[in-house]
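All heavy atoms count here, side chains included; hydrogens, waters and symmetry mates do not. Naming convention: chains lettered A, B, ... in sequence-line order (proteins, then strands); numbering from 1 in each chain.
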2 protein chains.
Amino acid sequence: MNELTKRQRQILVYIQECQRTSGVAPSMREIAEHFGFSSMTTVMDHVRLLRQKGVLENQPGRARTLRVVSPLEKFRSKVADIPLYGAIPAGLPEDQQQEAKGCVSIDIETLGFKPTARTFALEVRGDSMIGKFIVNGDVVILEHGMTPRNGDVVAALIDNESTLKTFLLNRGKPFLRAENPRYPDLIPAQELVIQGVMVGLVRKRK
Amino acid sequence: MNELTKRQRQILVYIQECQRTSGVAPSMREIAEHFGFSSMTTVMDHVRLLRQKGVLENQPGRARTLRVVSPLEKFRSKVADIPLYGAIPAGLPEDQQQEAKGCVSIDIETLGFKPTARTFALEVRGDSMIGKFIVNGDVVILEHGMTPRNGDVVAALIDNESTLKTFLLNRGKPFLRAENPRYPDLIPAQELVIQGVMVGLVRKRK
DNA sequence: GGGGTTACCGTTCAGGTGAACGGTATGAAC
DNA sequence: GTTCATACCGTTCACCTGAACGGTAACCCC
């Protein structure tokens, strides 16, 4: 009895579709029109059943408040949009999301961190950071203006290009180190601009 | 001139807040009530200005269609909710999101993969997979029922617990290998149940 | 001081909208 | 064959809602 019928599933999918494409839930009449119903009651019946089955919510008496309830609802947290830059030239992300080339959307619970206006993402090129288990193609999420702790991964501006390094405190002095035996650099941090501190990482299947 | 005034920002934030908390945009009168306006025109004026400045959209003539436009709008793709299991006992994720302990929400563009009902996430314990640059605390996203390719990371059921291994084809025969010199196991894949193939990974700051 | 912008008020109206009335047809279950 | 759930129709009503009318006050800029 708690199973959805074919028609009910169609209606649920349509409501979901509307929310995703236009961002707004359909009105009862719009649902009727879409399915060719000539009566409002038909829609009301379906909505009532879907609500009884716990897969749909609405605020009575108010327009367009239909909302599909997912089983994961109770776990879902806020989703943040983080701009993905191709490369960060000297300007730092002050002038904001103008030259973003993409967008990483992820919930803040999984990220373990509430993004700010100074949070951004970069795609990793090369394997200079395999020592920190970061590989080519990974997307790293960074926070600009954050004070790095010893051992943190940071993005630094080297030769007009963002490069990932490990931030180290050696006798109180900050240094940057590449995590790859082929590049055993150790650069005094003062000489460089630190663009951001790594706060997260996303990897997709190769 | 394209800057928002304090009042305009307040109204924009309120609209955003409504969408996030109740999932529905406020009506003009609800905005008026919230700010103590006794006239509808006040709200209409603000909405008109916010629309002119390109930070707000609405579908004329239809109720509750206010939508905040983000600068990242054009890059944003659909966000998928993936159940995060604490552990997967023998049953496999057939019985669905009942015993999920969390939810990973991420956009499908970043994930590089459109999740299905058989997609799930696991938290990595231990460093048996550091050879594949997967560390303790990482959240791996897996697809159940997918055929693994040579070298793919898979979750297998060992001693009633999900363990990550590398899937290898050795002279046509499938094997599972732990990516840690301390565990040089090489197990014929037939003896084990492969619960999923890794399709993504999320790491948060330690 | 005049013009432009912002920020409000009060009112009216047409139409969108949820909700409820009562009805029919179909198929599965017992 | 009766019962029940689903799936539709047609209509009406109150009120929510967007949109537009015209007006006032404050502020900044030139």
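Straight-line distance from the CG atom of Asn58(A) to the C1' atom of dA19(C): 11 Å, rounded to whole Å. Rounded to whole Å, atom C1' of dT17(D) lies 14 Å from atom CD of Glu33(B). Distance Gln8(B) CD to dT6(C) P: 6 Å, rounded to the nearest Å. Between the CG atom of Leu49(B) and the P atom of dT5(C) there is a distance of 10 Å, given to the nearest Å. Summarising the geometry, the separation between NZ on Lys6(A) and P on dG27(C) is reported as 14 Å, rounded to the nearest angstrom. For the pair Arg62(B) CZ and dT17(C) P, the interatomic distance rounds to 7 Å; values are reported in whole Å. If you measure from atom CZ of Arg9(A) to atom C1' of dT6(D), you get 14 Å, rounded to the nearest angstrom. Atom pair Gln59(B):CD and dT17(D):C1' shows a separation of 15 Å (rounding to whole Å applied).
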Atom pairs under 3.5 Å: protein N/O with N/O of nucleotides 24-30 of chain D:
none

Anything under 3.5 Å between a protein N or O and an N or O of nucleotides 8-12 of chain C, put it in a table, one pair a line.
unit_1, atom_1, unit_2, atom_2, d
dC8(C), OP2, Arg7(B), NE, 2.8
dC8(C), N4, Asp45(B), OD2, 2.6
dC9(C), OP1, Ser38(B), N, 3.3
dC9(C), OP1, Ser38(B), OG, 3.3
dC9(C), OP2, Ser38(B), N, 3.0
dC9(C), OP2, Thr42(B), OG1, 3.3
dC9(C), O5', Ser38(B), OG, 3.2
dG10(C), OP2, Ser38(B), OG, 2.6
dG10(C), N7, Ser39(B), OG, 2.8
dG10(C), O6, Thr41(B), OG1, 2.2

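Judged by distance alone, with hydrogens and angles left aside, the side-chain atoms of Glu30(A) form a donor-acceptor pair with the main-chain N or O of Ser27(A) at under 3.5 Å. With hydrogens and angles disregarded, a donor-acceptor distance shorter than 3.5 Å links the side chain of Asn136(B) to the backbone of Gly126(B).
Of the candidate nucleotides dA19(C), dT6(C), dT17(D), dA19(C) has the atom nearest to the side chain of Met28(A).
Comparing the start and finish of the helix from dG1(C)-dC30(D) to dC30(C)-dG1(D), five pairs each, the helix axis swings through 40°, to the nearest 10 degrees.
By the side-chain hydrogen bond (donor to acceptor under 3.5 Å, both in side chains) test, Ser105(A) is found to be paired with Asp81(A), residues two or more places apart in sequence or in another chain being considered. When the side chain to side chain contact (heavy atoms under 4.5 Å, CB included) test is applied to Ala121(B), the partners found at least two apart in sequence or on another chain are Ile82(B), Leu84(B), Val104(B), Val139(B), Ile141(B). Residues passing the side chain to side chain contact (heavy atoms under 4.5 Å, CB included) test with Arg149(A) are Asp152(A), Arg205(B), sequence neighbours excluded. The salt bridge (Lys or Arg N to Asp or Glu O under 4.0 Å) test applied to Lys101(A) returns Glu123(A), not counting sequence neighbours. Every residue two or more places apart in sequence or in another chain that forms a salt bridge (Lys or Arg N to Asp or Glu O under 4.0 Å) with Arg67(B) is listed here: Glu57(B), Glu73(B). Annotation: salt bridge (Lys or Arg N to Asp or Glu O under 4.0 Å) contacts of Glu109(A) (sequence neighbours excluded): none. Qualifying salt bridge (Lys or Arg N to Asp or Glu O under 4.0 Å) partners for Asp107(A), counting only residues two or more places apart in sequence or in other chains: none.
Across all strands, Met44(B) comes closer than 4.0 Å to base atoms (heavy-atom distances).
Note on residues 16-27 of chain A: pairs passing salt bridge (Lys or Arg N to Asp or Glu O under 4.0 Å), not counting sequence neighbours, are Glu17(A)-Arg20(A). Each salt bridge (Lys or Arg N to Asp or Glu O under 4.0 Å) pair with one or both residues in residues 136-145 of chain B, not counting sequence neighbours, appears once here: Arg118(B)-Glu143(B), Asp138(B)-Arg203(B).
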